[in-house]
Amino acid sequence: MSKNIWKVLQEYDIKLKQEQYEMLEQETSSENVLEVLEYLKKELGISTKNIEKCPSILKQKKDVIKNNYNFLQDKKIDNYSVEGCLHILSLNEEDLKDSYSMAEECFGIDAINKNTTILRVKSNRIRLIYYLFGEVLEKNVLLGACTSSRTYQEIDEIIAICNYYKIPVTTTVFNQPPYEVIKDIKFCNEEEIPITGSIFHKNSSELRIMKEYCQKEHINLSPSMYGCPLEDFKGIVETCRSNKIDLKGLIFRTNPENIEEILNICEEYHLKVKASMFMTTPQEMRRIIAICNKNKIDIVESMFARSATEIENIIEFCKKREIETIGGSIFKQREEEIAKIMELCEKYNLKKEGSIFYRTASEIEEIIAICDDKNIKLENTMFHRTPEEVREILQLCKWNKILPTGSVFLKTPKEFNMIITYLKRHNMKYSPTYLQRSLEEIKQIIKLCQDYEVNITPNVFNQPPNEVNDILKIAKEKGIKVTGTLFQKSASNFQDVINYCEENQIKICNSMFFRTPEEIDKILKICQQYKVPYQDAMFKRKPQEVKGILDICQDNNLALNASVFRKNPDAMSKIIEVCQDLKIEPKGSVFKRTPEEIRQIYNITMKELGHKPTNNTFVKKPEEVQKIIDVCKKYNVPITGIVFVKTALELEDSILYIKREFGEEYLIPQAIIHNKTHICSVFAYLYGKRKLECIKNSTGILKLSLEEIVERESYLHEIGESMVTENNTFHPIFGVSKKEFEKRKEALISQKSVGR
Amino acid sequence: MNLKLEKLQEIYGNSILKELKDNKEDLLDNLDYLKNRGYDNVIELFELYPYSFLQDPTLFQEKVDELIKKLGVEYVEKIEENTGLWECIENE
């Protein structure tokens, strides 16, 4: 082996097998290897991992590689596609151009980008296969046929075989010659193995060996295993077993030596073993870890699907864009895609973090378009799903009258549908908290609640079944009433809190179960320090936050009630600041809003109503406040504080009904806040009695149900008095409390019986 | 506490249930406050004027104190005779 070639490779940290070194030694020179490596690494940014996968590129001349690369750049074949298929760059220049031309004509540029290997296929072959089979095969399968080593005759035979046995023609079926395809199918039928595309990675003898081995070792044969070379298969099984790793999925994409080494690296760096680690090589894994350590970034699972170079580029990219928190999801995408996603985030004012990176830029745009089209608020959780899944889920929500809030997108459409169908069948009202659990878990939890004879509150689904069981058991033993707050934390925390309260003779507040005993202790000490009694709402905040809030209340002379604990101290300070700026009292519903919302609401009421907002106005968000004002103005309804207790939609519903049936004169704020159905029954009744007119002077009657109104009218009839007074208001009997009314009824009955 | 939620739903629509859930602490605080001021029949008053009890407790207490001051020591009897007097708590 030439020391020079080895040295050159070492400088670039390229690790090859012995036979690969020997090939280079025979077919090229160290100067050429150096020139090519410099070009690939420094000018093209090709990762070490991909060069290691395709060492034959180091044999080619740099000029040829460069010309080929420039050609592909002109044709907009993305760098990453080339990165994963370096063989293309080492092709003869004319051959590459011909292949490209033919592939573009037959399949289009997107298909080439997805399957760059097609460029290695001679243009004649592409043309002929397309001509012969273009009518019968889907494009991606045609591509597979082109890149396979099957002759045209064989491809024809394979298609016929698949049709005969009624199995789909997939790209992998061309891995085997026709007689092996038949044997594979027959073997699977005999052994009752489901026929998936991946079966055809193996011929029938190989499948038999695999099956027998799996039977002997009591392993379930799964599609992910078929792609694994036989010589590695046993080794992988043994290695996984001795290291207690699950035998599934990505583990079969690697080899036993890699698995061992990856496990050693995990031990060395105290990393939890994750399936995605087996997608990479140990060398690449070490490079990734080094980059993360250098940039002080946590190692996350999604990184191992990327090369070290890509990770480094992504981190650099994030630094340039001043993205402070680089979460794991960003590594699900390549750098170019991240750049496009960032542009979209800026365009649509989306958060540049989290689930947005689960989707490509075009998928994100499609999801945004779906929301626009359906006039639905974009939720971050939508990016957990493909656009098609988002559509399906929205349709399910529409059919089932479910508000499409964030949590609905955490399940696949199938799972979501199963859960809501189950709830409907069992007459259970849907709540988003159900979606934290699988259907199986939901069933188990419901059974537990039934066994313990407790109401099923949505919060019970915060915990898995085993925790729910333990909590219910403890609650029963201790005689604690079961409410939703019991399920905020684990059963062991629940027990610890109870023990703490018992030991310290403290009355248990429901919200204490949001906290650990140590936190409760700190809060109680803070209350002692500030000489204030503890209250339930405090325990929804962490101890430090409680202290902060008490300080703010003291400094601003605010009463200590539940509303001050709605926000953390920072948020509270900002709210008080805004209130001082706008000269609004910092109390009440103001704490339900963010500082920006307070400002917006202030601006809206000043502009529309000419005065500052009243406290009721802060009950709703700015957009809703604007809508309510618009509705009231549209129908000339006086805008008083009470109208803000309802939504604009509800108000408009009632307004339109009253206007249509009874006239605009009855559009009184105190009337329109009632449910349309109730208005309908009471108004119709009063109209029938020719007493509706009085509603304008006394709306209090609307507080009673129709039955109560009829009952009281009947009483008035008994005592010979009219429903309506001289002042055209309803008789005071409609304003007495039920208790008082019952007294009067009894007095009347007694009077009558005495009279007899 | 036995609240007749069906009746509230009938009169005010389904949204009242969400309001009750979202403002449960305020509701309980306010009910307690009124009870501690000597008004035993709080539940019925709540069923007549639910939105008044969903207000922030500071405001609720201020308004209740003012009403009691205006009506005098017999405020309980006066409200029982005319629950419309409570309307000012709901209004602004």
Side-chain angles (χ1 to χ4, degrees), chain A residues 511 535-537 540 558-566 585 587-592 614-619 640-642 644-647 649-650 653-654 669-670 673-679 681-682 698-708 732 734-741 743, chain B residues 4 6-30 32-33 39-63 76-92:
Chain A
S511 299
Q535 47 176 291
D536 187 74
K540 288 195 178 170
L558 301 177
L560 262 190
N561 53 46
S563 59
V564 300
F565 295 99
R566 275 188 217 281
E585 268 202 271
K587 63 180 180 183
S589 307
V590 139
F591 289 105
K592 292 186 180 183
T614 58
N615 213 270
N616 257 355
T617 330
F618 293 107
V619 165
T640 61
I642 197 67
F644 295 101
V645 301
K646 308 295 279 185
T647 63
L649 214 61
E650 287 171 319
D653 207 22
S654 298
Q670 280 291 5
I673 62 162
H674 293 85
N675 187 22
K676 187 179 101 178
T677 326
H678 177 65
I679 293 170
S681 57
V682 173
S698 54
T699 53
I701 199 170
L702 285 169
K703 302 292 175 195
L704 301 172
S705 67
L706 183 61
E707 289 76 21
E708 287 171 330
F734 295 103
V736 305
S737 69
K738 204 184 292 186
K739 196 170 140 190
E740 180 60 31
F741 178 64
K743 260 198 229 168
Chain B
K4 289 204 180 81
E6 296 82 10
K7 185 184 167 191
L8 287 176
Q9 241 180 315
E10 188 192 308
I11 295 177
Y12 293 100
N14 289 335
S15 62
I16 188 85
L17 298 180
K18 185 175 183 300
E19 295 290 331
L20 291 180
K21 189 182 156 204
D22 291 348
N23 299 288
K24 197 173 76 173
E25 285 143 1
D26 290 349
L27 168 64
L28 293 174
D29 269 357
N30 293 337
D32 274 342
Y33 183 78
Y39 195 97
D40 288 331
N41 200 12
V42 290
I43 299 296
E44 200 201 316
L45 207 50
F46 162 72
E47 287 170 5
L48 289 172
Y49 293 92
Y51 292 109
S52 65
F53 286 85
L54 299 180
Q55 288 177 90
D56 173 74
T58 322
L59 286 176
F60 179 83
Q61 287 165 24
E62 275 176 18
K63 289 181 185 178
V76 174
E77 290 78 11
K78 286 180 181 170
I79 293 174
E80 290 280 303
E81 291 266 333
N82 182 7
T83 52
L85 292 169
W86 191 259
E87 203 174 283
C88 62
I89 307 289
E90 206 168 66
N91 291 341
E92 290 191 310

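Predicted model only: the values in this text are computed from it and were never measured. In what follows, every chain begins at residue 1, and chains take the letters A, B, ... in the order their sequences are listed. All values below were derived from every heavy atom in this structure, side-chain atoms included, with hydrogens, water molecules and symmetry-related copies excluded.
- Ring orientation note: the planes of B:F53 and B:F60 are tilted relative to one another, at an angle of 30° to 60°.
- B:D56 and A:S589 share no side-chain donor-acceptor pair at under 3.5 Å.
- With a 4.5 angstrom heavy-atom cutoff, A:L704 touches chain B via backbone and side-chain atoms both.
- No part of A:K743 comes within reach of chain B, as not one of its non-hydrogen atoms sits under 4.5 angstrom from that chain.
- A heavy-atom distance below 4.5 Å is not found between the side chains of B:D26 and B:L54.
- Heavy atoms closer than 4.5 Å to chain A are found in both the backbone and the side chain of B:E10.
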Side chain to side chain donor-acceptor pair (under 3.5 Å) between B:Y39 and B:E80, worked out
CA-CA 10 Å; B:Y39 195 97; B:E80 290 280 303; 2.8 Å; yes
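- In this structure, chain A has heavy atoms under 4.5 Å from both the backbone and the side chain of B:E81.
- For B:E19, the part lying near chain A is the side chain, with the backbone staying farther off; criterion is any non-hydrogen pair under 4.5 Å.
- With a threshold of 4.5 angstrom between heavy atoms, A:E585 does not approach chain B through any atom at all.
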Could you please spell out the steps behind the side chain to side chain donor-acceptor pair (under 3.5 Å) verdict for A:E740 and A:S737?
CA-CA 5 Å; A:E740 180 60 31; A:S737 69; 5.5 Å; no
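- Chain A forms more heavy-atom pairs under 4.5 Å with one residue of B:S15, B:P50, B:G84 than with any other, namely B:S15.
- Side-chain contact between B:L85 and B:K78: present, with at least one pair of heavy atoms (C-beta onward) separated by less than 4.5 Å.
- At a threshold of 4.0 Å, the pair B:E62-A:K587 counts as salt-bridged, since one of the basic side-chain nitrogens sits closer than that to a carboxylate oxygen.
- In this structure, the portions of A:S705 lying under 4.5 Å from any heavy atom of chain B include both its backbone and its side chain.
- For A:S654, no part lies near chain B; criterion is any non-hydrogen pair under 4.5 Å.
- Both the backbone and the side chain of B:Y12 come within less than 4.5 Å of a heavy atom in chain A.
- Of the two parts of A:K592, only the side chain, counted from C-beta on, holds a non-hydrogen atom closer than 4.5 Å to a non-hydrogen atom of chain B.
- Taking chain A as the reference chain and counting heavy-atom pairs below 4.5 Å, the highest number among B:N14, B:L45, B:N23, B:I79 is found for B:N23.
- The closest side-chain heavy-atom distance from B:Q55 to A:N615 is not below 4.5 Å.
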